[in-house]
Amino acid sequence: MPFIPHTDDDIRAMLATIGVERIDRLFDEIPQALRCPEALGEIPPALSESGIGRLMRERARADGEPLCFIGAGAYDHHIPAAVWELVSRGEFYSAYTPYQAEASQGTLQVLYEFQSMMSALTALDASNASLYDGASALAEAVLMALRANRRCTSQRVLVPRALHPLWRRTLATIVEPQGVELIEAGFDIASGQSSVAHYAEAAGEDEIAAVIIAQPNVFGVLEPVDALTDWARARGALVIGAVNPLALALLSPPGDWGAQGADIACGEAQPFGMPLASGGPYAGFLCCRQSHVRQLPGRIVGRTLDADGRVGFTLTLQAREQHIRRSKATSNICTNQGLMVTAATIHLALLGAEGLERVAAQCHANTAHLVERLAAIPGVEPLFSGAVFHERALRLPLPSAEVLESLAAHELLGGFALDAHYPELGPALLVCATEARTEEEMAHYADLLGRILGARLASH
Amino acid sequence: MPFIPHTDDDIRAMLATIGVERIDRLFDEIPQALRCPEALGEIPPALSESGIGRLMRERARADGEPLCFIGAGAYDHHIPAAVWELVSRGEFYSAYTPYQAEASQGTLQVLYEFQSMMSALTALDASNASLYDGASALAEAVLMALRANRRCTSQRVLVPRALHPLWRRTLATIVEPQGVELIEAGFDIASGQSSVAHYAEAAGEDEIAAVIIAQPNVFGVLEPVDALTDWARARGALVIGAVNPLALALLSPPGDWGAQGADIACGEAQPFGMPLASGGPYAGFLCCRQSHVRQLPGRIVGRTLDADGRVGFTLTLQAREQHIRRSKATSNICTNQGLMVTAATIHLALLGAEGLERVAAQCHANTAHLVERLAAIPGVEPLFSGAVFHERALRLPLPSAEVLESLAAHELLGGFALDAHYPELGPALLVCATEARTEEEMAHYADLLGRILGARLASH
Amino acid sequence: MLIHDQSRAGRRATTQAPLNPPAPEGIPASLRRRQRAALPEVSEMQVVRHYTRLSQKNFSIDTHFYPLGSCTMKYNPRACNSLAMLPGFLARHPLAPDSHGQGVLACLHDLQDILKAVTGMHAVSLAPAAGAQGEFAGVAMIRAYHRARGDVARTEILVPDAAHGTNPASAVMCGFVAREIPTGPDGDVDLEALRAAVGPQTAGIMLTNPSTLGVFDRNIEAIARTVHEAGGLLYYDGANLNAILGKVRPGDMGFDVIHMNLHKTFSTPHGGGGPGAGPVGVSARLEPYLPVPLVARDETGYRWLTEADRPDSIGRLSAFGGNIGILLRAYVYARLLGREGMGRVAEFATLNANYLLARLTEAGFEAAYPKRRASHEFILSLRREARDWGVTAMDVAKRLLDHGYHAPTTYFPLLVPECLLIEPTETESKEMLDGFVEAMTAIRREAEEDPERLRGAPWTQPVRRLDEVRAARHLDLAWSAQPQGANHGES
Amino acid sequence: MLIHDQSRAGRRATTQAPLNPPAPEGIPASLRRRQRAALPEVSEMQVVRHYTRLSQKNFSIDTHFYPLGSCTMKYNPRACNSLAMLPGFLARHPLAPDSHGQGVLACLHDLQDILKAVTGMHAVSLAPAAGAQGEFAGVAMIRAYHRARGDVARTEILVPDAAHGTNPASAVMCGFVAREIPTGPDGDVDLEALRAAVGPQTAGIMLTNPSTLGVFDRNIEAIARTVHEAGGLLYYDGANLNAILGKVRPGDMGFDVIHMNLHKTFSTPHGGGGPGAGPVGVSARLEPYLPVPLVARDETGYRWLTEADRPDSIGRLSAFGGNIGILLRAYVYARLLGREGMGRVAEFATLNANYLLARLTEAGFEAAYPKRRASHEFILSLRREARDWGVTAMDVAKRLLDHGYHAPTTYFPLLVPECLLIEPTETESKEMLDGFVEAMTAIRREAEEDPERLRGAPWTQPVRRLDEVRAARHLDLAWSAQPQGANHGES
Ligand SMILES: Cc1ncc(COP(=O)(O)O)c(C=O)c1O
Ligand SMILES: Cc1ncc(COP(=O)(O)O)c(C=O)c1O
């Protein structure tokens, strides 16, 4: 019996103690009519570990090892070997939520360190211990902002159209049932940037509760965060920065935006030690100023003292959470992404601010280099003039889906098809070359794309 | 500076404490004439972890993933996932030899458990904590037997020709400098078995100090261990069993051979949780009766008590070892294969005797099945009539090197070319299908071999 | 000591970043960061040592018995981890085309089928990242269903008072009012109260069965009838599915929607708080509303279905497909158990729970529902010990740590005073349970003879009992570069 | 508790073996095992818990400062482990053709080249599985060289008394007599004694430089000349190569043969005792005798050279190619260090050693060779503490464990009384060294004030001081099914 340690003697002795003859009798409170008629025939019979290993290896191989130039919210960065060797330790991997603080100081201290690191990166006072992913963290940020902006009676939130389309969809799913109104602010088709004018136009005259600023936006373009922040604050709105945390190694952090800084920062921590893994598990982060901390959803760890005056760590402000406050909680979140945050913490400890800077700078340089090479191909050119971090949109002479398919047939993933989400742009491709891409790989991409476009255009 | 934590401030402070101005001054006792003229220019510049990762992944891929039917001393068995997740824990992986017993109870207890398991499997009283590999363990077994057989003045040792040829070479390298005389005993060309007659013929009238019995022998054939043991003991020789430890799940253990049992058992522990890994690291094991324990080379762990009467573990009988006895030690061995033995111990704990039996039985069945399929190909037939464990020799219609090369071109490793080592056998191939081979894989082998031989023979 | 406290200016784990990146000149100075973030500057070995040693300060299922009721701390097979971490799976970009994901999609599709089979539901979406997100999705589907029928007056979700806190919180996140239904004296839902509560405003009920009281609600058919007749739908909180796996199926009990905590029943790791996975299953009438993405199969292979294929979907719950890595672990686990193994989970989880209940009752502890079978878990109330000796459930919990056992869940469900919710799971041996009974017995004796010892517990952990009030009053949520003196961030 | 003590008849980790193997009918009954081996019968979770918790009872470099002289306990980069464990490397059968091993062979060939470069030797074989096997191979080559020249009267190998025990033991394994050479008062080899000892019977000398006394022998050129002039060869025990990496090369010092402990200088893990790797390097005249296999490169790629290619080889030291997995780890480490990093190893190992020596001397400890530079390690003698306060080097060593530091090497080399051989390595930080000095200072104070506390140490480990005499007298080397009572296997 896989994973069940009972011997026949054990079973006999245990049944005798309980006072029943057969295990099946223990289910006698379940109405007979409801009982499963037979074994679950649709489920295949058990495999040995060796058998499932063979199957999984085959399937992992089936996914191939294409060369990846897609970014768009998930990035192929180097992950130090130490990260997952440590994260996989049973004591981290198989521990529960640290409800018994004294027996969970390892996990709790890691979370406190994570909070500290995210606070430092965003230049905000407090961080929670993770949410599901970046997109759902943004939704929680919006709900939080609505609660925190007590002076404001509206439920209107400005969302830049240049925010990742999948994030906008997630946001809508999660916040609209509570009546939140999401208002789209456009972007400049030449620069790819949002501007105060776009935000102002979208806002109109009505009261605005919160404003989202994406830095960088989905086109990789850097937004005028200071101006946007100042404008939003002047309008009485709370400012939510949706940021790539790696970019913060180089870019002004939300806490420093404009004259007073943003109120809330959120984003996807995947660039910090999390493998691409088809999209998850990743981890959403959420940081805020001290004044909003009681509206922060999710678990929070605090430093305190024990009965002997020694420093220790514990979950705190639990009265915000569902297990205490139930229907009045700041969120329904319970299980979060603890293990991924452990990875992020170790990743950040290994790299430090200077290491992150080097990674970010190399990403920036690689993408610039890639774009230069690709733009040398006839018919390919940068779509926007705005400065970027490590992604850039390109105009193509053919629909991007078609181009991507041809590239994929050569085991190269060429980028994210923007035209599917922004038809107004025409054939547009978002490319990304992280620090993990080499000169040869970029040259290979340019070479392949040149040949494919040449052949396609000739045959058109 | 990779792996060096010193800051500039640290360096300054440390040099001041020492009282020198530059680090280089610390090397001033080295004659100037000998100092390296410049940096080691032949060595490539440093890579980042990401850079070396890329290189190693490329190279690992270059080795391919051929389908493996080679055995011949290294076997492709399933390794439970738990084994290396545990073995890789830093506390096992990065610990030193347990010289400070109190701070090494983890390692010491693992070694004691390993000794216990190997004793149980071989049915002998004692085991050491590993030697380098099976072949060198056999050499140590021979040297040990010569020391232990005090009544005997000869240095003559009988070695079956049916013992693995690479083991025989290793044995010769290690024992011949000390004047040991290795005498080859033949085998029956029909059954593939050694017999008392072969041993007796090789021995002649002279005194024999020790006798090696391989179970199974290199042809996979099972030897008449009882008769050989009884004969050797009657001749005053010590009996050394060179055994595949997995086979002992099914086969009579050395301690039970003949009327009195063998004196020493040795072999390769690779089948217990060690990946093929191009040949190492593996682990040699060496077990013996209690009476020979003071001649046993290598580390040995004993159970004892601490100052409070609690049970604990420590290295023992260290007076046998080089760090105490120096030139009079039982061997020069110091560093052994501790981590591999940790893997073996966990592997054995997971499988238990019944699990090993199931693995061994499936290997036996798979090889029988494979041989049946291959022997259905015209020109292919079993070479020997003797019963086998999980390897069998086949006669081929073409030189095996040629056949193997054709198979390898189809990403299939067909077996071990016996004819290279036993020209007397004609074209002969040793095949092995462990429990990890599937029905489809065996069918594929038969199909491929049939096609290759068909084509080759047609063109000859 | 925090990793920050080991920081020294200029120290680096050099090999971890590109060695000589060019300066990022394309980025305007006005957008550049002015001051480096105060992250630790440490060596690689310091990091390895620090987190290795921190890990050793945790209890975990790999080191300790962890009878945490409702949380299902059972053995997490290591194969689930190593096979989900195969390089081919880890390297796949979420936006890679389906052509380059047939392996992972095959696993997810198989998993959808397995979950349908064990729950008796019509269709499954794997998108929710955890139980609570599954609840959100489930209630959102109930909302979408009623809306699609123009039935917009249904503003209430009924929730028994024994329910997990996520249930009412999820209902509220979906824009409903959560209305509490009391529990009867024997642990089943109070049917009369339920009948009185249902009405045209009832959108549905969220039910856990077996409930978090550790009993199977015997009136489940009546409950289902009552709610359905009032036009409401039934939501099954499947956190406790392990109790009934292969024995009875929520679909057969009449539930319209269910979420499953794969990090419980399907033994994926808890990771110190997550990640989990909370797939949702639905009856046929709710299928159009399932959250995307879903995995479909046709002649050409497997593919993701998105909003474009599913116009009525409640939408997307995260940017990509949810916690895929966790789903892969659950899939491996399900295949290792196989058809035969599913039912055994329920059988031995239930055997262990009833055995432990019998022995602890024998040892003098009071069962909250002594006349009931335990499901996979059960509740003790320590109100007598509290009254007679002045020790609390918390004291007993902390003292258990000293005995090398993780504490059961305390003070949940809220309706039983001084309660311990105990779930041994099927993977623990009889010897382990016996050891736990011995520890509980010793602690009970100590409660009488030396209650101070309990009130001061734990004594053997890295820290003594922590001051939670102080933690909340003097918030210290992040290290800061300014030394804060002995009082660590009094605010 | 042993894993055996958790065994219960019939318990299984079922998934780990084939589920339904056919009976092995082809095997004659007479050869079959009659009674199952008494291996433990346990569940998978029991195994995971048992070995996880056992691991926690170890000191290790990942958890503790481990200044074990001559053993070089420095940080083992985790990338070396994960990259050596790539599936393509692990799955390769040792007898697979070279065509299916170009990846691993390329790494090994590169490593041969790197080791040639750092040692200044002419050729390298990676075959030896550890230092001692490298010594065996080296001395066997010396033997083969003399024999090939018909010079068979050379029966002695000279070994300084400070040498590691493996040196004389290896000489004897090769059929030589090991003759000891004394050390002079300043730690260098006694040149007069050496001159007196060499002669026509001298096959060679085995030398460690810097020696295990932690000093670089300043007379190395004279030693080389003396031995060479007598017709002997020079063997370099490269266990301490880290001390001189990139600073001076054994080949340039005149050595004919060298072994290297990759598990020291090249930071492969010690694994609780092994595996290691002990490649040998030789001058041109010894090249023909190198142990096989070796990796060669030609137009068609990389290939293994075996006895067939190398008829004069001393032969094969193990069945296959040695500890390949360890060689791969060393290779990764070497590439991470690169050209620039090699010299830094020696520099910072030496800086740390001299700093620690300076501070400990300041703290009142006696250096064995106070007038010498420390190399990467150094020796303290506690003879004054032993004389004045009756505490031994062993007591200090055990007490250090209580302070959270692994003990230095004790009682080696044998010629310094009550010695501690201390090697901090380059990967430890100044703070860590300062912490160690503090602990040593506290212990020294305690030695004076409360020597009993030292003699009873350790106090905080899983066990108190173990009775080694009892272990040797009442041998208990294996668990046995027969219960042995409280005295555990008195014999
Ligand atoms: C009964 C019950 N329902 C719901 C949940 C919420 O699940 P999750 O923590 O995965 O969000 C839990 C888990 O804690 C639970 O025990
Ligand atoms: C100086 C010296 N020589 C030789 C050896 C032997 O090396 P190994 O343990 O790898 O056999 C050692 C290692 O302990 C050593 O320190």
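Scope of the values below: all heavy atoms of this structure, side chains included, with no hydrogens, waters or symmetry mates. All chains are named by letter (A, B, ...) in the order of the sequence lines, taking the proteins before the strands, and each is independently numbered beginning at 1.
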Side-chain (B:Q105) to main-chain (D:P462) donor-acceptor, under 3.5 angstrom:
no
Atom pair CG/CG of D:L351 and B:D24 - distance to nearest 0.5 Å:
12.0 Å
Report which part of D:Q133 has an atom under 4.5 Å of a heavy atom belonging to chain B: side chain, backbone, both, or neither.
both
Between chain D and each of B:A365, B:G338, B:G179, B:A126, count heavy-atom pairs under 4.5 Å; write down the option with the most.
B:G338
Looking at chain D, which one of B:A135, B:A62, B:A277, B:P275 has the largest number of heavy-atom pairs inside 4.5 Å, strictly under?
B:A277
My understanding is that only residues two or more places apart in sequence, or in another chain, count here; which of them pass salt bridge (charged side-chain N to carboxylate O under 4.0 Å, His left out) with B:R299?
none
Strictly distance-based, threshold 3.5 Å: is any side-chain N or O of B:R59 a donor or acceptor partner for the main-chain N or O of D:V104?
no
Side chain from CB out, backbone as N, CA, C, O: work out which of these in B:S88 comes under 4.5 Å of a heavy atom of chain D, or both, or neither.
both
Under 3.5 Å, side chain of B:Q337 to main-chain N/O of B:D133, donor-acceptor pair present?
no
Report which part of B:F92 has an atom under 4.5 Å of a heavy atom belonging to chain D: side chain, backbone, both, or neither.
both
So, the part of B:S119 with a heavy atom under 4.5 Å from chain D: the answer is side chain
Check whether any side-chain N or O of B:R358 sits under 3.5 Å from a backbone N or O of D:Q16 as a donor-acceptor pair, and report yes or no.
no
Under 4.5 Å heavy-atom distance to chain B, tell me which part of D:H164 shows up: side chain, backbone, both or neither.
both
In terms of heavy-atom proximity below 4.5 Å to chain D, should B:L250 be classed as side chain, backbone, both, or neither?
both
Need one label for B:L404: side chain, backbone, both or neither, based on atoms under 4.5 Å from any heavy atom in chain D.
neither
Between D:Y75 and chain B, which part of the residue has a heavy atom less than 4.5 Å away: side chain, backbone, both or neither?
side chain
By a 4.5 Å heavy-atom criterion (distance strictly below it), what part of D:P458 contacts chain B: side chain, backbone, both, or neither?
side chain
Best-contacting candidate, D:L68, D:V172, D:L31, against chain B by heavy atom pairs under 4.5 angstrom:
D:L31
Under 4.5 Å from a heavy atom of chain D, the part of B:I23 involved
side chain
Measuring heavy-atom distances to chain B, does D:R249 have an atom under 4.5 Å in its side chain, in its backbone, in both, or in neither?
both
Taking atom CG of D:N352 and atom NZ of D:K74, what is their separation to the nearest 0.5 Å?
11.5 Å
Which bit of B:A368 comes within less than 4.5 Å of chain D, counting heavy atoms only: side chain, backbone, both or neither?
neither
Under 4.5 Å from any heavy atom of chain D, what part of B:N336 do you find: side chain, backbone, both or neither?
both
Given heavy-atom pairs under 4.5 angstrom as the criterion, report whether the side chain, backbone, both or neither of D:L86 touches chain B.
side chain
Using the six-membered ring wherever Trp is involved, compare the ring planes of B:F313 and B:Y112 and label them parallel, tilted or perpendicular (cut-offs 30° and 60°).
tilted
B:R61 versus chain D, heavy atoms under 4.5 Å apart: side chain, backbone, both or neither?
neither
Bottom line for D:R218: the part with an atom under 4.5 Å from chain B's heavy atoms is both
Aromatic ring proximity, centroids under 6.0 angstrom, D:H263 and D:H270
yes
When the 4.5 angstrom heavy-atom criterion is applied to B:E357 and chain D, the contacting part is side chain
Contact class of B:I4 relative to chain D, heavy atoms under 4.5 angstrom
both
Strictly distance-based, threshold 3.5 Å: is any side-chain N or O of D:D467 a donor or acceptor partner for the main-chain N or O of B:D306?
no
Is a donor on one side and an acceptor on the other found under 3.5 Å between the side chain of D:R316 and the backbone of D:A319?
yes
Scored by heavy-atom pairs under 4.5 Å with chain D, the best of B:P80, B:C68, B:S136, B:G312 is B:P80
Once you round to the nearest 0.5 Å, how far does OG1 of B:T107 lie from NZ of D:K57?
12.0 Å
So what's closer than 4.5 Å to chain D heavy atoms on B:L413: side chain, backbone, both or neither?
side chain
For B:V301, is it the side chain, the backbone, both or neither that has a heavy atom under 4.5 Å from a heavy atom of chain D?
backbone
Flag, side chain of B:S116 to backbone of D:W479, donor-acceptor distance under 3.5 Å
yes
Is the shortest heavy-atom distance from the side chain of D:H406 to the side chain of B:Y96 under 4.5 Å?
no
Do you know which of B:V225, B:D76, B:D226, B:L248 has the most heavy-atom pairs under 4.5 Å to chain D?
B:L248
Pick one of side chain, backbone, both or neither for D:Y66, based on which atoms fall under 4.5 Å of a heavy atom in chain B.
side chain
If you count heavy-atom pairs under 4.5 Å between each of D:Q56, D:R33, D:E347 and chain B, which one has the most?
D:R33
Verify whether the ring centers belonging to B:H6 and D:Y355 lie closer than 6.0 Å.
no
Minimal non-hydrogen separation, B:N332 against D:M173, with atom names:
OD1-SD, 3.1 Å
If every non-hydrogen atom of B:S327 is compared with every non-hydrogen atom of D:A178, which pair is closest and at what distance?
CB-CB, 4.2 Å
Out of D:E428, D:E135, D:E468, D:R373, which one racks up the most heavy-atom pairs below 4.5 Å with chain B?
D:R373
Heavy-atom distance under 4.5 Å to chain B: side chain of D:E41, backbone, both or neither?
neither
Taking all non-hydrogen atoms of both residues, which atom of B:P66 and which atom of B:G64 are closest, and how far apart?
CD-C, 3.3 Å
Under 4.5 Å from any heavy atom of chain B, what part of D:M73 do you find: side chain, backbone, both or neither?
side chain
If you count heavy-atom pairs under 4.5 Å with chain D, which of B:E321, B:Q115, B:E58, B:E405 comes out on top?
B:Q115
With a 4.5 angstrom heavy-atom cut-off, which part of D:L90 approaches chain B: side chain, backbone, both or neither?
both
B:E435 versus chain D, heavy atoms under 4.5 Å apart: side chain, backbone, both or neither?
side chain
Okay, side chain of B:R326, backbone of D:A169: is any donor-acceptor separation there less than 3.5 Å?
no
Where does D:A140 contact chain B at under 4.5 Å (heavy atoms): side chain, backbone, both or neither?
neither
For chain D, the option from B:A360, B:P253, B:A283 that forms the most heavy-atom pairs under 4.5 Å:
B:P253
Of the backbone (N, CA, C, O) and the side chain (C-beta and beyond), which part of D:T63 lies under 4.5 Å from a heavy atom of chain B, both, or neither?
side chain
Sub-6.0 Å ring centroid separation between D:F412 and B:H323
no
Side chain from CB out, backbone as N, CA, C, O: work out which of these in D:I114 comes under 4.5 Å of a heavy atom of chain B, or both, or neither.
both
